[in-house]
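Everything on this sheet refers to the single structure shown next.
Worth knowing before you read on, the calculation uses all heavy atoms, side chains too, and leaves out hydrogens, waters and symmetry mates.
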Amino acid sequence: MAGAPDESGPGSAAGEQLQQQHVACQVFPERLAQGNPQQGFLSSFFTNNQKCQLMLLKTLQTNPYVKLLLDAMKHSGCAVNKERHFSCEDCDGNVSGGFDASTSQIVLCQNNIGNQAHMNRVVTHELIHAFDHCRAHVHWFTDVRHLACSEVRAANLSGDCSLVNEIFRLHFGLKQHHQTCVRDRAILSILAVRNISKEVAQKAVDEVFESCFNDHEPFGRIPHNKTYARYAHRDFQNRDRYYSNI
């Protein structure tokens, strides 16, 4: 596990890959270093796996946040394939999902994702990490500030901090509440995957917050709800057409 951000550097590629595999196996116990988890024939039909697969398919086909992110990934040269880049698995604790950078795969915690709305949020959140991984050289496990930036962006752009979700959590009525929610959710996400103190996580988020909170790619705005996300997707498609015609 990585330590404080001021003590960690880029590190070797081999060292970072070992750290990625170590964390992935801790949070997602079915992730084995030697390969992807195997699903038995019966388990794929009679456990949470089938429900997870069906909800994932609906999310990929209908959710405007996800449809924009899939288009943006393809535009950036990182086309997403459902069978290759998503895996429904059992996870430890209350984790809902994660992006496994060592395999460029999104893990969906089938034992913790209970409904379609939850699936929509998790897939959107993790696709933002995948988009960041595609467009930048992110040192996920050797520079906590890189992780903090992507967590800020994911909390800000995925709908994690929508008014409806915050009311459901009984968190509302504060000045600049959206920013507060983004900051708090980013810190929680870091602590879920890194063995560091809350103070170190807060410091990393504080250092990157302004620039990463204002980075709205590929949405071009903060999509506060599905209507905003649909507008953002339309604008992205129009922008893509414009540049393809130049």
Side-chain angles (χ1 to χ4, degrees), residues 16 20 23-24 56-57 59-87 95-109 118-162 182 185-186 189-190 192-193 204-205 208-226 228-244:
E16 182 163 1
Q20 291 169 355
V23 173
L56 170 61
L57 181 61
T59 294
L60 296 177
Q61 291 178 339
T62 65
N63 185 267
Y65 292 84
V66 170
K67 291 170 71 174
L68 189 158
L69 284 161
L70 293 176
D71 279 356
M73 293 282 288
K74 184 177 180 180
H75 181 77
S76 299
C78 300
V80 176
N81 178 278
K82 175 180 177 290
E83 304 305 323
R84 161 66 181 85
H85 294 109
F86 293 92
S87 180
V95 178
S96 297
F99 176 66
D100 186 348
S102 65
T103 60
S104 296
Q105 192 171 49
I106 290 172
V107 181
L108 301 171
C109 299
H118 191 186
M119 175 65 79
N120 292 343
R121 291 196 304 274
V122 173
V123 173
T124 302
H125 184 110
E126 302 308 333
L127 275 175
I128 292 171
H129 292 323
F131 176 76
D132 289 346
H133 188 70
C134 173
R135 69 170 182 160
H137 297 291
V138 183
H139 298 293
W140 297 101
F141 293 94
T142 56
D143 192 334
V144 70
R145 291 167 297 184
H146 287 200
L147 174 62
C149 184
S150 192
E151 292 295 357
V152 167
R153 282 176 32 76
N156 189 27
L157 301 174
S158 68
D160 283 350
C161 288
S162 69
V182 168
R185 301 294 294 177
S189 293
I190 294 170
V193 298
V205 169
V208 303
F209 189 82
E210 184 174 356
S211 62
C212 299
F213 181 83
N214 290 307
D215 179 2
H216 301 151
E217 286 299 308
F219 293 91
R221 70 189 80 186
I222 299 176
H224 291 288
N225 54 47
K226 288 185 177 180
Y228 280 93
R230 291 188 186 97
Y231 288 147
H233 190 200
R234 179 199 61 191
D235 291 346
F236 180 86
Q237 291 175 316
N238 290 338
R239 180 177 60 180
D240 192 25
R241 294 189 190 103
Y242 172 78
Y243 285 115
S244 65

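Proximity of a side-chain donor or acceptor of Ser76 to a complementary backbone N or O of Cys78 within less than 3.5 Å is not detected.
Nearest heavy atoms, Val138 versus Asp132: CG2-O, 3.5 Å. The minimum heavy-atom distance linking Val80 with Leu127 is given by the pair CG2-CD2, 4.4 Å. Arg121 and Gly159 get closest at one heavy-atom pair: CD-O, 4.2 Å. Nearest heavy-atom pair across Ile222 and Tyr228 is O-CD2, 4.3 Å. In plain terms, the two heavy atoms of Val152 and Val182 that are nearest each other are O-CG1, 3.5 Å. Counting all heavy atoms, side chain and backbone alike, Trp140 lies closest to Ser150 at CH2-OG, 3.4 Å.
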Practice task
List the steps and the verdict of side chain to side chain contact (heavy atoms under 4.5 Å, CB included) for Ile190 and Val205.
Solution key: CA-CA 9 Å; Ile190 294 170; Val205 169; 3.7 Å; yes
Exercise for the section: Apply side chain to side chain contact (heavy atoms under 4.5 Å, CB included) to the pair Gln105 and Arg84, showing each step before the final yes or no. Expected result: CA-CA 7 Å; Gln105 192 171 49; Arg84 161 66 181 85; 4.2 Å; yes
Handout entry: Residues Lys67, Asp71; criterion side chain to side chain contact (heavy atoms under 4.5 Å, CB included); working and verdict
Key = CA-CA 6 Å; Lys67 291 170 71 174; Asp71 279 356; 5.7 Å; no
Practice task
Begin with the C-alpha distance, continue with both residues' side-chain angles, and end with the deciding distance and a verdict on side chain to side chain contact (heavy atoms under 4.5 Å, CB included) for Val193 and Leu147.
Solution key: CA-CA 10 Å; Val193 298; Leu147 174 62; 4.0 Å; yes
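Between Phe86 and Glu126, every side-chain heavy-atom pair lies at or beyond the 4.5 Å cut-off.
Taking His125 as the reference, His129 meet the ring pair (Phe, Tyr, Trp, His ring centres under 6.0 Å) condition, with sequence neighbours excluded. Partners of His85 under the ring pair (Phe, Tyr, Trp, His ring centres under 6.0 Å) rule, at least two apart in sequence or in another chain, do not exist in this structure.
Between Asn120 atom CG and Tyr65 atom OH the span is 10.0 Å, to the nearest 0.5 Å.
The environment of Lys82 atom NZ is dense: over 12 non-hydrogen atoms of other residues, nucleotides or ligands sit within 6.0 angstrom.
Remark: of the listed residues Leu69, Leu68, Thr59, Leu69 is the sole one forming a side chain to side chain contact (heavy atoms under 4.5 Å, CB included) with Thr124.
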